[in-house]
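Naming: A, B, ... by sequence-line order, numbering from 1 per chain.
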Protein chains: 2
Amino acid sequence: MAQKIKLSTIAESLGVSTATVSLALRDSPLVAAATREKIKEQSRALGYIYNRRAASLRTSRSGIIGVVVHDIQNPFYAEILKAIESELDRSSHTFILSNHYDSVEKQRNFVETLLQLGGDGVIMSPAIGTPREDLELAENNGMPAILVARSVENLDLPTYRGDDSYGISLATNHLIGLGHRTIAMVGGTDQTSTGRDRYQGYVNALKKANIPVDPALRIAGPRSKQGGFEAAVHFLSLPQKPTAAVCWNDLVAIGFMNGIARAGLMPGRDISVTGYDDLEEAAIATPGLTTVWNGQSEVGRLAARALLDKLSGSHEPDGIHLIKPEMRIRQSTAPLHRS
Amino acid sequence: MAQKIKLSTIAESLGVSTATVSLALRDSPLVAAATREKIKEQSRALGYIYNRRAASLRTSRSGIIGVVVHDIQNPFYAEILKAIESELDRSSHTFILSNHYDSVEKQRNFVETLLQLGGDGVIMSPAIGTPREDLELAENNGMPAILVARSVENLDLPTYRGDDSYGISLATNHLIGLGHRTIAMVGGTDQTSTGRDRYQGYVNALKKANIPVDPALRIAGPRSKQGGFEAAVHFLSLPQKPTAAVCWNDLVAIGFMNGIARAGLMPGRDISVTGYDDLEEAAIATPGLTTVWNGQSEVGRLAARALLDKLSGSHEPDGIHLIKPEMRIRQSTAPLHRS
DNA sequence: AGGGGCCTTAAAACCGTTTACTTAAAATTT
DNA sequence: AAATTTTAAGTAAACGGTTTTAAGGCCCCT
């Protein structure tokens, strides 16, 4: 690195102006084809590196899009991210990822950093307890925001997520249809819209089947494999002896099945288990996990599209867009048999 | 957003110069304490947002650090990332993540984008087949690079990774010690240094125990749960009837155990299985997975530290730093018993 | 009273691109 | 051949900070 190569370096070496070089490199028809080629050639030869911060300072567009979710390692979000990525890739946007681990502060820091970098837009799955000011911060500074997977009350931002209430009722109905009557709900929290919706879907399905709702059958909290694993102990000690469990998501369900298996019972035969999300892993779990597809790929794709549309000026309607979940039946659920 | 608030906005509103504001906001002792406070107060009141690209244009430091690995969704890399993140967090650096999915092109694009953004440094786990020019590209443009998890031949970049050959021999020896003689190696590829090292470790351990090495016992390829799951079929059809499997990593091992279980056999009793990495998941798998801790957290921490040190001027020695793996024995391995 | 030193703030150059405006040359029209 | 249009390239002013250098005001000293 003898010295930084910049537009003017190329310009001088060729005896033209920097304006010409700038235009040529961006394929402007304002510069003659021959000159354009010569410039591009020279740029390559010198190993020129485009300085985005300078450009962005001038144009006030950075090509950066931020994405912040609870935990990118969580396969559910990972699948959303993958969809976002592939949608964004073809539009030459760079994206910056971050976890907030449900820390409002971490999330705010991220949004602020993004603003400092001149981010063009942000896609977020808001942390639990996000105050509206934090979300408005982005919008107020000219950085459009799109929400995924979770919504925030009283805030009119475009939101894409699965229809949780409907989805979980699919799973619950499936178990009821198999003859189960004592059905536990394992995992989840009331602190997110998702949590409330899912619990509501479970309650609704039971009520519709005239099954009394017993709050003791709700094991709230777990949202990870580890959590599901630990919940199994609690589950097996319940006096009501449930025969089935509707789990918060696939991770909880898989951990839960492992916990059940550790206790010498066989999930799918002794206890029926449903998951939620239909992660890739659900199909290869033992037994194969009956679950509900939550539309991750659609959520990601649509959210990215919506943001790109907004950036290019078209005004998408705000509000919540629900993706319809679908049932995926495998071996972890079976008809109730008396023991 | 009536109008963008910038340094000059604050300056004018207070009747001072932009220079004073700039210095005050960065706690320079050059500006009187009283003025400093007044300026900070006003900055907060107006909702000023620091423009990093402008600053970075002048200072040529961006505070951005890039990290590119094979797949951030892979828990092995996720654990490394977590360690990097926590190390970087306390130094007010923003980091940008990317997967390369072992595509050299995707990786090169990332490095180039990072250069355009003025990245201060990059931590990478190089894609299979990365040519040295691609790695030198970063260094040549003043962006120091640190390697993790994989090394590249004939290139003197600081590298942090586990001692694969030693680690896999730990696992192999453990199985040999339990009486196993026909031991398969499931997964991995010869195209990475890691792959070659692990296979070598396996071969060495067998040789030392005077067990003939049978190439047919190597099921090369799988590196994911799905891959491990599918490899189980192949494994069970081997004419040599192996009684144990040394798996490429925990993911392969878990998938493999699921595959074995699907066939009606019980991993840990009928077939002994070892993993590699000691992911969080290994402990809660059924049965608990015997595996080798690969030092992910150390790798991440040390790599981040090394980069930060380099950025602050101190000259760390280049070359490969090996982290010593450790055995973690659980229930997926058991003494050989004749059936 | 004049000058040296210190503290605080101001002025101005600079970072690398983009872009509106201008100019020069070439091509076309009359 | 002069006038006009088209095309190609150059000029210079932003963009929003940082940083070096200089200047103004005040106190203290001899």
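At the heavy-atom level, B:G118 lies nowhere under 4.0 Å from the strands shown. At the heavy-atom level, B:T35 lies under 4.0 Å from the strands shown only through sugar-phosphate atoms.
Look at CD1 on A:I10: it is 12 Å from C1' on C:dT17, rounded to the nearest Å. Rounded to whole Å, atom P of D:dT11 lies 12 Å from atom CD of A:E12. Remark: P of C:dT9 and CZ of B:R36 are 10 Å apart, rounded to the nearest angstrom.
In this view, A:E37 satisfies the side chain to side chain donor-acceptor pair (under 3.5 Å) rule with no residue, not counting sequence neighbours. With sequence neighbours left out, B:T18 forms a side chain to side chain donor-acceptor pair (under 3.5 Å) with no residue at all. Shown here are the side chain to side chain contact (heavy atoms under 4.5 Å, CB included) partners of A:T130, two or more places apart in sequence or in another chain: A:Q107, A:P126, A:A127, A:D134, A:L135. Considering only residues two or more places apart in sequence or on other chains, B:K6 meets the side chain to side chain donor-acceptor pair (under 3.5 Å) condition with none of them. With sequence neighbours excluded, no residue forms a salt bridge (Lys or Arg N to Asp or Glu O under 4.0 Å) with B:E112.
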| query | Which letters describe nucleotides 13-24 of chain D, given B = protein heavy atom under 4.0 Å from base, S = only from sugar-phosphate, - = neither? | reply | BBBBBBB-----
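Looking only at distances, a side-chain donor or acceptor of B:N99 sits under 3.5 Å from a matching main-chain atom of B:I72.
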